[in-house]
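Encoded as structure tokens, the structure appears first; notes follow it.
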Amino acid sequence: MADARPGLLSVVATPIGNLGDLSPRAVQVLAAADTVLCEDTRHTGQLLRHLGLDKHTESLHAHNEHDRVDGLVERLRNGAQLALVSDAGTPCLSDPGALLVDAAHGAGIAVQTVAGPFAAAAALAASGLTALPFAFWGFFAKKSGQRQADLQRQLRPGPEGPMTHAFYVPGRDLVEVLADVATVVPDSRVCVARELTKVHESYLRGTANQVAARLLPEQLRGEAVLLVEIAAELQPAVALDVAELVRQAKTGGHDRKQALAALQRKTGLSRNALYALWLAADTPGEHP
Ligand code: SAM
């Protein structure tokens, strides 16, 4: 028989390291829920026990979310009070949950958010880099070639000025990822924000190569947000035909090194990318 209460889906943010960041409202909502949907029932079980809550938990993760959505929406239709959490931070942001939230809205179920930690926003706020506008891209591709291709498409300035791009990086991948960022945008400011809200919280700022050179072996553990600020001056890279600029420099008889250095500043592209365009530039009768 249907419950007299209308169903409610609460999207509840949980700490990204420091339990003190769990809001009193999050505790209230978790306490009031019939069921807590979580990525890992053992992990969330520990949090609930820490709060003194004896709650029914069920798993909802990347591999079963698709199959579970219809059943969960049916329960919400019948008055279920479901709380959705992830292992850390805000569900649905580089975490599962978005399919359920979308389906709940689609079925006319009430949805509420219990706002709280989000690692990308926490990093941005404490980095000193341009915070508005910003873009959040989640995790990088696993392979370097794909990462560089993605970065070429992703790293853009904002429509009217600089823009910062936020990525999630497990500490062990930092060196490889920074090398790719250095290849694509060698002069851009980056910030590696590590272990946010935890004892070893730290911020390393500089170009990707400078930051990589300062990383200590123990900083390759744990979790990090990588922020890349793309300066407004890089905007011409989007609008201009860079190959044409390179061709003009070459046919104009400019010194290659000086011309490529100037184009690097103007477009933000790497020396290697510009050199490849120089070699490919069509200048009959001339050789690189
Ligand atoms: N949904 C979460 C949020 O709201 O930020 C993120 C979950 S995602 C699966 C985990 C990634 O978030 C980590 O690999 C790391 O890049 C980032 N992250 C989570 N906690 C962090 C912390 N305390 N410090 C730095 N980065 C963190």
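If you're wondering where the values come from, they're calculated on a predicted model, not measured in any experiment. Just so you know, ligand 1 is whichever comes first in the structure, and atom 1 is the first atom listed for that ligand. The first residue in the sequence is number 1, and the count goes up from there. What you see below is based on every heavy atom in this structure, not just the backbone, and it leaves out hydrogens, waters and symmetry mates.
- Ring geometry for His165 against Trp137 counts as parallel: the plane angle stays under 30°, on a 0 to 90° scale with 60° as the upper cut.
- Under the 3.5 Å distance criterion, with hydrogens and angles disregarded, no donor-acceptor pair is assigned to the side chains of Thr197 and Asn18.
- Of all protein heavy atoms, the one closest to atom 13 (C) of ligand 1 is Glu223 OE2, 3.3 Å.
- For His63, the NE2 atom sits in a loose shell: 12 or fewer heavy atoms of surrounding residues, nucleotides or ligands are nearer than 6.0 Å.
- Ligand 1 has a nitrogen or oxygen under 3.5 angstrom from a nitrogen or oxygen of Leu93.
- Every side chain to side chain contact (heavy atoms under 4.5 Å, CB included) that Leu93 has, sequence neighbours left out, goes to Thr90, Phe118, Phe136.
- Contact annotation: for Pro91 versus ligand 1, there are no heavy atoms closer than 4.0 Å.
- Atom 18 (N) of ligand 1 has its closest protein heavy atom at Ala119 CB, 3.6 Å.
- Against a heavy-atom cut-off of under 4.0 Å, Val225 is close to the following atoms of ligand 1: 26 (N).
- For the ligand labelled ligand 1, residue Thr197 lies outside the 4.0 Å heavy-atom shell.
- Polar contact check, Tyr168 against ligand 1: a nitrogen or oxygen pair lies under 3.5 Å apart.
- Closest to atom 4 (O) of ligand 1 among all protein heavy atoms lies Thr90 N, 2.8 Å.
- Residue Glu201 does not touch ligand 1, judged by heavy-atom distances below 4.0 Å.
- Ligand 1 lies less than 4.0 angstrom from a heavy atom belonging to Phe139.
- Between Ser94 and ligand 1, no N or O atom pair is found at a separation short of 3.5 Å.
- The distance criterion of under 3.5 Å between nitrogen or oxygen atoms is met by Asp95 with respect to ligand 1.
- Only backbone heavy atoms of Ala224 (N, CA, C or O) come within less than 4.0 Å of ligand 1; its side chain stays farther off.
- Residue Val169 has at least one heavy-atom neighbour below 4.0 Å for each of these atoms of ligand 1: 16 (O).
- By the 6.0 Å contact criterion, CZ on Arg221 is open, its count of non-hydrogen atoms from other residues, nucleotides or ligands being 12 or less.
- Within the listing of ligand 1, atoms 23 (N) sit less than 4.0 angstrom from a heavy atom of Lys198.
- Scanning the protein for heavy atoms near atom 24 (N) of ligand 1, the closest one is Leu196 N, 2.9 Å.
- From the protein, the heavy atom lying nearest to atom 23 (N) of ligand 1 is Ile16 O, 2.8 Å.
- Contact atoms of ligand 1 toward Phe118: 3 (C), 4 (O), 5 (O) (distance under 4.0 Å to a heavy atom of the residue).
- Note on ligand 1: Gly17 sits outside its first shell, no heavy atom being nearer than 4.0 Å.
- A donor-acceptor contact closer than 3.5 angstrom links the side chains of Gln148 and Asp180.
- Around CG of Asp54, the count of heavy atoms belonging to other residues, nucleotides or ligands within 6.0 Å does not exceed 12.
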